[in-house]
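For reference, the structure is listed below as structure tokens.
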Amino acid sequence: MIRSVVFDVGETLLDDSREFGAWADWLGVPRHTFSAILGAVTAAGRNNAETFQVLRPGFDLAEQRRRREEAGVGERIEESDLYPDVRPALAALKQAGLWVGVAGNQTAKAAALLRSLDLPVHAIATSGEWGVAKPDPAFFEAVIDFAPGEPEEIVYVGDHRDNDILPARAAGLRPVLIRRGPWGYLWADDPVVARDAEWVIDSLAELPGLVGKGR
């Protein structure tokens, strides 16, 4: 029985290309350089935030976010950042009677920006609001409190093996990996993902049919 479906944000619902580009511009490095370092950090299984440390040792992410905001080039989330399958898939799941939520490693501001998009979901939360981030088990405890149902009745959809699939399964949730973005492509065929993911999908459009079979 599946009662709830909860979604990660970056590279699950949102194409992060513009935001990565904005960070490259802010750092004053070519965008392809930023992307290459991000890819190398990802392939090494390290936290993607380490990209900033490679490019600018001692980089203070919180402080630089604040400075970007003051400079008028701060965090933005717009309709054009959504992957094309997002609205139809969320709407289809909601219409099927499932509880649909969003919970990812994002700032509190990102939560407000996501809410302003009026997505067809029941609730939105971020690590910035909860004060705990993935892969901390406490984040997934918060997801269990957030979404209706027992842990095994909650699907968690994300693109990251270590931040999404493994800790969600450890918490008793039913994790789904979406094959897109650097992490989704990198780990789609990983044996650990094959072991722990309920499904590996290429599009959110696949979810309503798969979830329907589990109800």
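Hydrogens, waters and symmetry mates are skipped; everything else that's a heavy atom, side chains included, is used.
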> Is E11 salt-bridged to R179, going by a charged N under 4.0 Å from an acidic O?
Replying inline: no
> Does the distance from a Lys or Arg side-chain N to an Asp or Glu carboxylate O, for R180 and D85, drop under 4.0 Å?
Replying inline: yes
Close side-chain approach of [X] to [Y], heavy-atom, < 4.5 Å:
X: L14; Y: D81; value: yes
X: V6; Y: V157; value: no
X: V100; Y: F7; value: yes
X: V193; Y: L166; value: no
X: L177; Y: D164; value: no

Indicate yes or no for a side-chain donor-acceptor contact from [X] to the backbone of [Y] under 3.5 Å, with no hydrogens or angles considered.
X: S4; Y: P148; answer: yes
X: E206; Y: S203; answer: yes
X: D16; Y: E19; answer: no
X: R56; Y: L27; answer: yes
X: T51; Y: N48; answer: yes
X: T107; Y: A110; answer: yes

> Honestly, is R68 close enough over W23, meaning NZ or CZ under 6.0 Å from the six-membered ring centre and within 45° of the axis?
Replying inline: yes
>> Once side-chain hydrogen bond (donor to acceptor under 3.5 Å, both in side chains) is applied, what residue pairs with a partner in residues 145-156 remain, sequence neighbours excluded?
In response: K134-Y156
>> Working note: V143 + L173, criterion side chain to side chain contact (heavy atoms under 4.5 Å, CB included); need CA distance, chi angles, decisive distance, verdict.
In response: CA-CA 9 Å; V143 170; L173 306 177; 4.1 Å; yes
> Which residues satisfy the side chain to side chain contact (heavy atoms under 4.5 Å, CB included) test with A123, sequence neighbours excluded?
Replying inline: W99, F146
> Can you list the residues that meet the side chain to side chain contact (heavy atoms under 4.5 Å, CB included) rule with E129, with sequence neighbours excluded?
Replying inline: A108, A111, R115, A125, T126
> Which residues satisfy the side chain to side chain donor-acceptor pair (under 3.5 Å) test with K109, sequence neighbours excluded?
Replying inline: E69
Run the side-chain donor-acceptor check on residues 32-39: report pairs under 3.5 Å with partners two or more places apart or on a different chain.
unit_1	atom_1	unit_2	atom_2	d
S35	OG	R31	O	3.2

>> Can you list everything that forms a salt bridge (charged side-chain N to carboxylate O under 4.0 Å, His left out) with R76? Sequence neighbours excluded, please.
In response: E78
